[in-house]
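Quick note: numbers below take in every heavy atom, side chains included, and nothing from hydrogens, waters or symmetry partners. Keep in mind it's a predicted model, so treat the numbers as computed, not measured.
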Amino acid sequence: YGHLDYVLRYAPSKDRHFDPQEYRDVIAAALQLLISTGRGIEINTGGLRGGLPFPHPNSYFFRLYRDLGGRIVTVGTDSHSPETVATGYKEAEELLRTYGFDSYCIYKNRKPTFIKL
């Protein structure tokens, strides 16, 4: 599942006033559904490329997903040009480690394949 915090991009205050703790129950329910159905989440480096200090979604989502038992994480960039393909992948690896992950996934024949960090 990608773009978990997409709404923040277009909210009037962006992410300045967003406290994910206020929505923990809703976020946890969505993440638990993904986990129970064998689906993962995406760390998207587009935020880093766009000058933000974090990828999308922010660390709260990844830490909660991990705490709930989630393991499937893919890496994306939202690249729309060849020059930006794989931009921020190194940073994504480092962040995933800090979030408690030891791998990320790519898909082969619609099945997640874990790649060690």
- prompt: Is there side-chain contact between Pro20 and Ile27, with heavy atoms separated by less than 4.5 Å?
  reply: yes
query: Mind checking whether Ile115 and Ile106 have side chains closer than 4.5 Å, heavy atoms only?
result: yes
- request: Check the hydrophobic clustering (I, L, V, M, F, W, Y; side-chain heavy atoms under 4.5 Å; chains of links allowed) and say if Leu33 and Tyr60 are grouped together.
  value: no
- request: Please confirm whether the backbone N or O of Gly100 pairs with a side-chain atom of Arg63, one donor and one acceptor, at under 3.5 Å?
  value: no
query: Donor-acceptor pair, Asn109 side chain versus Lys111 backbone, under 3.5 Å?
result: no
Leu96/Tyr104 under side chain to side chain contact (heavy atoms under 4.5 Å, CB included): CA gap, chis, key distance, verdict: CA-CA 8 Å; Leu96 287 174; Tyr104 66 94; 4.1 Å; yes
- request: Sequence neighbours left out, what passes ring pair (Phe, Tyr, Trp, His ring centres under 6.0 Å) with Tyr99? Give chain and number order.
  value: Phe62
Residues in salt bridge (charged side-chain N to carboxylate O under 4.0 Å, His left out) contact with Lys116, at least two apart in sequence or another chain: Asp102
Under 3.5 Å, which donor-acceptor pairs do the side chains of residues 87-95 form with other protein atoms, sequence neighbours left out?
{"unit_1": "Thr87", "atom_1": "OG1", "unit_2": "Thr84", "atom_2": "O", "d": "2.8"}
{"unit_1": "Tyr89", "atom_1": "OH", "unit_2": "Val75", "atom_2": "O", "d": "3.2"}

- request: List in chain and number order the residues that pass side-chain contact (heavy atoms from CB on, under 4.5 Å) with Leu68, two or more places apart in sequence or in another chain; answer none if no residue qualifies.
  value: Ala28, Leu31, Gln32, Ile35, Leu64
statement: Distance col, row Leu117:CG vs Arg97:CZ, nearest 0.5 angstrom, shows 5.0 Å
query: Could you walk me through whether Ile41 and Ile72 pass the side chain to side chain contact (heavy atoms under 4.5 Å, CB included) check?
result: CA-CA 7 Å; Ile41 62 174; Ile72 300 172; over 6 Å; no
Residues forming a side chain to side chain donor-acceptor pair (under 3.5 Å) with Glu22, sequence neighbours excluded: none
statement: All heavy atoms of Tyr107 vs all of Gly40, minimum pair found to be OH-N, 4.4 Å
message: To the nearest 0.5 Å, what is the distance between CZ on Phe101 and CD1 on Ile43?
response: 8.5 Å
- prompt: Would you say the side-chain atoms of Arg71 pair up with the backbone N or O of Gly69, donor to acceptor, closer than 3.5 Å?
  reply: yes
- prompt: Given the rule in the side chain to side chain contact (heavy atoms under 4.5 Å, CB included) test, do Phe61 and His56 qualify, once you have shown the distances and angles that lead to the verdict?
  reply: CA-CA 9 Å; Phe61 291 82; His56 294 291; over 6 Å; no
- prompt: What pairs meet the salt bridge (Lys or Arg N to Asp or Glu O under 4.0 Å) rule with one or both residues in residues 25-44, with sequence neighbours excluded?
  reply: none
